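Worksheet for the structure shown next.
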2 protein chains.
Amino acid sequence: MPSVEEFVESAGLYFERLGLSRTAGRVIGLLLVDPDDSADAPGLCERLGVAKSSMSVALGRLERSGLVERFRPPRGRRDRYRLTDDVFGRAFRAKMAEFAAFARLAEQGLAVVGDDATSRARLERMRDMYAFMGREFPGLLDRWDRENRTTGDGPASAGGVRDEFGEQGVPGVAR
Amino acid sequence: MPSVEEFVESAGLYFERLGLSRTAGRVIGLLLVDPDDSADAPGLCERLGVAKSSMSVALGRLERSGLVERFRPPRGRRDRYRLTDDVFGRAFRAKMAEFAAFARLAEQGLAVVGDDATSRARLERMRDMYAFMGREFPGLLDRWDRENRTTGDGPASAGGVRDEFGEQGVPGVAR
DNA sequence: TAGTTTGTTCGGATCGTTCCGAACAAACTA
DNA sequence: TAGTTTGTTCGGAACGATCCGAACAAACTA
């Protein structure tokens with residue numbers, strides 16, 4: 001019989017594999033199942049048993065990566081945090097930057113490798129494959145947006161592919 | 001002016017972000033640009049300046065993950081290692097397992113979350129999105145195989161999606 | 001059988017990351 | 001202005017992962 005706590009810990013593990021810290025992953029897990037659509041830092045520290053300094057860096061990273069957004073209610077005295085509307089869309093789109101990065105890595109290889117036919121063919125194949133995925137993956141996302149439009153909010157986050165994901169790009173979200 | 005060594009180090013960094021060890025990443029980098037289509041462990045240790053014990057575990061992981069295959073020439077006395085034909089296809093396919101995993105995480109969330117409509121909708125959306133990607137991504141790979149068939153070897157590695165990628169699944173290859 | 005080569009496993013050292021508590025800065029309150 | 005609350009930054013501790021050298025096992029050679 002699973003509990004909310006167990007789910008939060010699972011989420012921590014899952015998102016840690018995506019390159020986030022454990023704490024950041026647990027925050028996302030909590031925001032996913034919490035009835036309130038937002039939480040504040042002291043509350044998160046309390047519920048997750050984490051020092052506020054750690055929470056500060058975790059939330060800072062989550063915000064910079066675009067997974068969580070920070071806001072302050074009109075006359076409020078503390079920030080609140082909620083999941084971005086298109087959290088997972090962003091996660092997937094972050095993958096796309098990876099595709100491009102690996103295509104560039106292949107290019108770098110082509111620039112240094114000699115004229116050996118086999119090596120060149122291998123690197124060209126690598127480059128082309130990642131380029132292909134980088135080209136085609138957005139279409140998949142668009143199709144999902146199209147087929148699952150819930151409200152009239154248009155294609156969720158069609159713009160603003162965030163190239164930075166955390167400070168050094170998220171390793172692999174779609175993974 | 002880039003050199004082969006610099007490329008190998010870059011590859012080490014890139015593949016490290018995918019969840020491989022630095023050494024394993026450098027091995028892949030070297031195999032990518034090396035004119036010989038295979039290498040042996042002592043040679044890799046020499047060229048990469050790594051202890052043979054480290055090389056042993058790196059190669060073992062690469063082999064178990066399906067990125068590198070080990071073979072022994074007919075009357076040879078030492079193993080040789082080469083990139084799998086479909087290295088990157090495997091990498092991409094490993095991502096698919098991730099999709100399924102995150103869909104399951106969402107299910108776990110739905111099992112513990114109350115009846116709050118917003119939370120449930122968010123988790124259902126997460127589940128559906130990852131499920132969608134898990135369904136559709138293979139088609140993308142197949143299409144690439146179809147459009148880039150170089151020889152008559154059929155769709156490269158159509159079978160055998162490797163669920164384990166390293167011991168604990170590769171974080172994000174396609175990423 | 002003795003010796004060599006190849007590869008794996010083990011214990012300890014090293015490295016990078018995360019985390020905590022404390023100090024600090026900024027905004028608000030009384 | 002003094003005090004409180006919120007959030008960030010800093011130094012050090014703790015943890016995990018990798019790596020190395022050494023011991024070990026297995027296969028082959030002479």
Side-chain angles (χ1 to χ4, degrees), chain A residues 8-9 11-29 38-65 68-81 165-171, chain B residues 8-9 11-29 38-65 68-81 165-171:
Chain A
V8 168
E9 294 308 319
L13 288 167
Y14 275 73
F15 287 99
E16 187 175 33
R17 285 204 288 170
L18 295 195
L20 303 179
S21 72
R22 182 74 63 98
T23 304
R26 293 167 74 215
V27 168
I28 292 188
S38 70
D40 56 40
L44 288 169
C45 290
E46 167 68 20
R47 294 190 60 177
L48 297 180
V50 167
K52 71 172 182 170
S53 55
S54 309
M55 189 55 71
S56 176
V57 315
L59 289 172
R61 282 211 241 264
L62 284 173
E63 187 190 14
R64 276 192 300 278
S65 71
V68 160
E69 51 192 14
R70 179 198 310 245
F71 66 101
R72 173 100 53 146
R75 272 165 312 287
R77 312 241 322 262
R78 52 174 70 169
D79 293 342
R80 297 193 65 82
Y81 303 86
F165 208 96
E167 280 87 354
Q168 48 196 5
V170 143
Chain B
V8 168
E9 294 309 320
L13 288 167
Y14 276 73
F15 287 99
E16 188 175 33
R17 284 203 290 172
L18 295 195
L20 302 179
S21 72
R22 181 74 63 99
T23 303
R26 294 168 72 216
V27 168
I28 291 188
S38 70
D40 55 41
L44 288 170
C45 290
E46 167 69 20
R47 294 190 62 176
L48 298 181
V50 168
K52 69 173 183 171
S53 55
S54 309
M55 189 54 70
S56 177
V57 316
L59 290 172
R61 282 211 240 264
L62 285 172
E63 187 190 13
R64 277 193 298 280
S65 71
V68 160
E69 52 193 14
R70 180 197 309 245
F71 67 100
R72 172 99 56 146
R75 270 166 313 287
R77 312 243 319 265
R78 52 175 70 171
D79 291 342
R80 296 193 66 79
Y81 304 85
F165 208 96
E167 278 87 355
Q168 50 195 7
V170 144

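Remember, it's a predicted structure, so these values are computed and weren't measured experimentally. Convention: sequence-line order gives letters A, B, ...; per-chain numbering from 1.
Across all strands shown, D/dC15 forms a Watson-Crick or G-U wobble pair, both distances under 3.5 Å, with C/dG16. In a base pair of the Watson-Crick type (N1 to N3 plus N6-O4 or O6-N4) or a G-U wobble (N1-O2 and O6-N3), with each distance short of 3.5 Å, D/dA30 is matched with C/dT1. Base-pair partner of D/dC24: C/dG7 (Watson-Crick or G-U wobble, both distances under 3.5 Å).
Looking at heavy-atom distances under 4.0 Å, A/Ala58 makes no contact with the nucleic acid at all. Counting any heavy atom pair closer than 4.0 Å across all strands shown, A/Arg70 reaches sugar-phosphate atoms only and no base atom. In this structure, A/Ser54 reaches the bases: a heavy-atom distance under 4.0 Å links it to at least one base atom across the strands shown. Nucleic acid contact class of B/Gly49 (heavy atoms, under 4.0 Å, all strands): sugar-phosphate only.
The heavy-atom pair separating A/Pro73 from A/Arg78 by the smallest distance is CD-O, 3.8 Å. Nearest heavy-atom pair, A/Leu48 versus A/Arg26, reported as atom, atom and distance to 0.1 Å: O-NH2, 3.0 Å.
Atom CG of B/Leu62 and atom P of C/dT8 are 12 Å apart (whole Å). Atom-to-atom, CZ of B/Arg75 to P of C/dT6 comes out at 17 Å; the value is rounded to the nearest Å. Atom C1' of nucleotide C/dT9 and atom CZ of B/Arg61 are separated by 13 Å, given to the nearest angstrom. We find that CZ of B/Arg77 is positioned 17 Å from P of C/dG3, with the value rounded to whole Å. Taking atom CE of residue B/Met55 and atom P of nucleotide C/dT8, one finds them 12 Å apart after rounding to whole Å. Atom CG in A/Leu59 sits about 15 Å away from atom P in D/dT6, given to the nearest Å. If you take CD of B/Glu16 and P of C/dC15, they are 15 Å apart, rounded to a whole angstrom. Here the C1' atom of nucleotide C/dT6 and the CD atom of B/Glu46 are 16 Å apart, to the nearest Å.
Listed nucleotides: C/dG21, D/dG7, D/dC19. Nearest to the side chain of A/Ala51: C/dG21.
When the side-chain nitrogen and oxygen atoms of A/Ser56 are compared with OP1 and OP2 of D/dT8, one or more of them lie within a distance under 4.0 Å. Put simply, B/Arg80 has no side-chain N or O that comes within less than 4.0 Å of OP1 or OP2 on C/dG7. Side-chain N/O atoms of B/Ser53 include none lying less than 4.0 angstrom from OP1 or OP2 on C/dC10. Put simply, B/Arg72 has no side-chain N or O that comes within less than 4.0 Å of OP1 or OP2 on C/dT6.
Within a 6.0 Å sphere centred on CZ of B/Arg70, heavy atoms belonging to other residues, nucleotides or ligands number more than 12.
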Derivation of the side-chain contact (heavy atoms from CB on, under 4.5 Å) call for B/Ser38 and B/Phe71: CA-CA 9 Å; B/Ser38 70; B/Phe71 67 100; 3.7 Å; yes

Apply side-chain contact (heavy atoms from CB on, under 4.5 Å) to A/Val27 and A/Val50, showing your working. CA-CA 10 Å; A/Val27 168; A/Val50 167; over 6 Å; no

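Nearest-nucleotide assignment on DNA chain C puts the 5′-proximal partner with A/Arg22, out of A/Arg22 and A/Lys52. Position along DNA chain C of the nearest nucleotide to B/Asp40 versus A/Thr23 favours B/Asp40 as the more 5'-ward residue.
To the nearest 0.5 Å, atoms OG1 (B/Thr23) and CG (B/Leu59) are separated by 9.5 Å.
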